[in-house]
Amino acid sequence: MEVGLMQRQWVEYTKSLFLEDFLDSQFIELQKLQDEGNPDFIAEVVSLFFEDSERLLNDLTAALAQPDVDFQKIDGHVHQLKGSSSSIGAQRVKNVCITMRSFCEEQNIEGCLRCLQQLKQEICLVKNKLENLFRMEQQIVAAGGSIPTTELIF
């Protein structure tokens, strides 16, 4: 496939991630930190986010399964997940965390359980979307092209 076409497809795909609220401007800020000296910076940061997310989802699942639910503990886990999702620009994940924190404040177990399922779904979705984005970038570089600057997309 021609490099120019791959780059245009990457631009359109990246636009869709922002338009569908998978990512926000924090992801662009993260991209600015990547350079030739650290070409895998974003992939490494995102990988750490998903490792951390998996642990936090397991902690949340266990905490919500307790007979006497500790909403303060759950809120702490959700607060941590909200911070890490904000740091990579995972907007939909962050928004579910905000909603779940409200349910924790209300001590609403049903609301928390619904949000937990939604978090699992949104994290899986954004992981698949970012893996696809990184795969597209690898194909562009392997074909001798360069990744377009995200700032120029908007």
Side-chain angles (χ1 to χ4, degrees), residues 9-35 37-141 147-154:
Q9 288 175 338
W10 181 91
V11 166
E12 290 307 310
Y13 185 75
T14 302
K15 277 185 189 177
S16 75
L17 296 179
F18 286 91
L19 293 172
E20 295 171 22
D21 292 329
F22 283 105
L23 299 176
D24 63 22
S25 62
Q26 184 57 38
F27 189 78
I28 295 171
E29 295 303 314
L30 200 60
Q31 286 180 314
K32 290 178 186 176
L33 298 174
Q34 183 165 291
D35 57 22
N38 196 357
D40 297 325
F41 175 74
I42 296 172
E44 290 169 7
V45 170
V46 167
S47 178
L48 290 172
F49 165 74
F50 289 118
E51 287 174 21
D52 193 42
S53 296
E54 187 176 331
R55 179 186 54 79
L56 288 167
L57 289 174
N58 289 335
D59 291 346
L60 284 167
T61 301
L64 284 165
Q66 296 300 312
D68 190 20
V69 175
D70 183 347
F71 287 99
Q72 196 169 6
K73 183 177 185 178
I74 292 167
D75 186 58
H77 293 315
V78 176
H79 179 72
Q80 192 175 354
L81 184 56
K82 179 180 162 259
S84 60
S85 62
S86 294
S87 71
I88 68 157
Q91 184 168 332
R92 286 165 57 161
V93 174
K94 177 186 76 175
N95 291 343
V96 176
C97 288
I98 291 168
T99 302
M100 190 167 181
R101 291 194 74 199
S102 295
F103 285 131
C104 285
E105 196 173 301
E106 298 167 8
Q107 298 193 357
N108 180 336
I109 186 115
E110 291 82 15
C112 286
L113 287 168
R114 279 194 310 274
C115 283
L116 177 60
Q117 291 310 309
Q118 194 175 355
L119 277 174
K120 289 177 180 179
Q121 181 181 351
E122 291 298 340
I123 288 170
C124 183
L125 281 170
V126 77
K127 182 177 185 180
N128 289 336
K129 299 280 186 182
L130 288 172
E131 285 174 348
N132 194 37
L133 181 72
F134 297 151
R135 194 169 23 260
M136 291 171 82
E137 290 176 355
Q138 289 170 345
Q139 291 170 347
I140 290 168
V141 171
I147 309 303
T149 306
T150 308
E151 294 171 300
L152 301 176
I153 293 174
F154 300 98

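Residues: numbered from 1 along the sequence shown.
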**Q** When you measure from the side chain of Gln91 to the backbone of Phe22, do you find a donor-acceptor pair of N or O atoms at a distance under 3.5 Å?
**A**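 No, Gln91 side chain to Phe22 backbone: no donor-acceptor pair under 3.5 Å.
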
**Q** State which residues pass side-chain hydrogen bond (donor to acceptor under 3.5 Å, both in side chains) with Asp70; sequence neighbours excluded, sorted by chain then number.
**A**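 side-chain hydrogen bond (donor to acceptor under 3.5 Å, both in side chains) check on Asp70 returns nothing, list empty.
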
**Q** Tell me the salt bridge (charged side-chain N to carboxylate O under 4.0 Å, His left out) pairs involving residues 40-69, sequence neighbours left out?
**A**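 Counting only pairs at least two positions apart or across chains, the salt bridge (charged side-chain N to carboxylate O under 4.0 Å, His left out) contacts touching residues 40-69 are Asp52-Arg55, Arg55-Asp59.
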
**Q** Rounded to the nearest 0.5 Å, how far does OG of Ser16 lie from CG of Asp21?
**A**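 Atom-to-atom, Asp21:CG and Ser16:OG are 11.5 Å apart.
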
**Q** State whether the side chain of Gln66 and the backbone N or O of Ala62 hold a donor-acceptor pair below 3.5 Å, judged by distance alone.
**A**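 It does hold such a pair.
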
**Q** Closest heavy-atom contact between Phe27 and Ile88?
**A**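 In this case the closest contact between Phe27 and Ile88 is CD1-O, 3.3 Å.
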
**Q** Find the distance between CZ (Phe41) and CG (Leu30) and round it off to the nearest 0.5 Å.
**A**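 It comes to 5.0 Å.
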
**Q** Run Met100 and Leu60 through side-chain contact (heavy atoms from CB on, under 4.5 Å) and show every step you take.
**A** CA-CA 11 Å; Met100 190 167 181; Leu60 284 167; 4.2 Å; yes

**Q** Would Leu130 and Leu23 count as a side-chain contact (heavy atoms from CB on, under 4.5 Å) if you check the C-alpha gap in whole Å, the side-chain angles of each, and the deciding distance to 0.1 Å?
**A** CA-CA 10 Å; Leu130 288 172; Leu23 299 176; 4.1 Å; yes

**Q** Restricting to side-chain hydrogen bond (donor to acceptor under 3.5 Å, both in side chains), what partner residues turn up for Glu137, sequence neighbours left out?
**A**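 Glu137 satisfies side-chain hydrogen bond (donor to acceptor under 3.5 Å, both in side chains) with Trp10 once adjacent residues are dropped.
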
**Q** If you round to the nearest 0.5 Å, how far is CG of Leu57 from OG of Ser53?
**A**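 Reported to 0.5 Å precision, the distance equals 6.0 Å.
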
**Q** Tell me which donor-acceptor pairs under 3.5 Å the side chains of residues 107-116 have, and how far apart each pair is, sequence neighbours excluded?
**A**
from	atom 1	to	atom 2	distance (Å)
Asn108	OD1	Glu110	N	3.2
Asn108	OD1	Gly111	N	2.7

**Q** Which pairs of donor and acceptor atoms, one on a side chain in residues 71-84, lie under 3.5 Å apart (sequence neighbours left out)?
**A**
from	atom 1	to	atom 2	distance (Å)
Asp75	OD1	Arg101	NE	2.8
Asp75	OD2	Arg101	NH2	3.1
His79	ND1	Arg101	NH1	2.9
Ser84	OG	Gln80	O	3.3
Ser84	OG	Leu81	O	3.2

**Q** Does any pair with a residue in residues 84-100 pass salt bridge (charged side-chain N to carboxylate O under 4.0 Å, His left out), and if so which ones, sequence neighbours excluded?
**A**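 Listed once each, the pairs are Asp24-Lys94, Arg92-Glu122.
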
**Q** What distance separates Gln121 CD from Gln118 CD, expressed to the nearest 0.5 Å?
**A**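 Answer rounded to 0.5 Å: 7.0 Å.
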
**Q** Has Lys120 got more than 12 heavy atoms of other residues, nucleotides or ligands less than 6.0 Å from its NZ?
**A**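 Counting other residues, nucleotides and ligands, NZ of Lys120 exceeds 12 neighbours.
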
**Q** For the atom pair CD1 (Ile98) and OG (Ser86), what is the distance rounded to the nearest 0.5 Å?
**A**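 Those atoms lie 7.0 Å apart.
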
**Q** Drop me the distance from Ile147's CD1 to Gln138's CD, to the nearest 0.5 angstrom.
**A**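 Here the interatomic distance stands at 9.0 Å.
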
**Q** Of the non-hydrogen atoms in Leu119 and Cys97, which two are nearest, and what is the gap between them?
**A**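 The answer is CD2-SG, 3.8 Å.
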
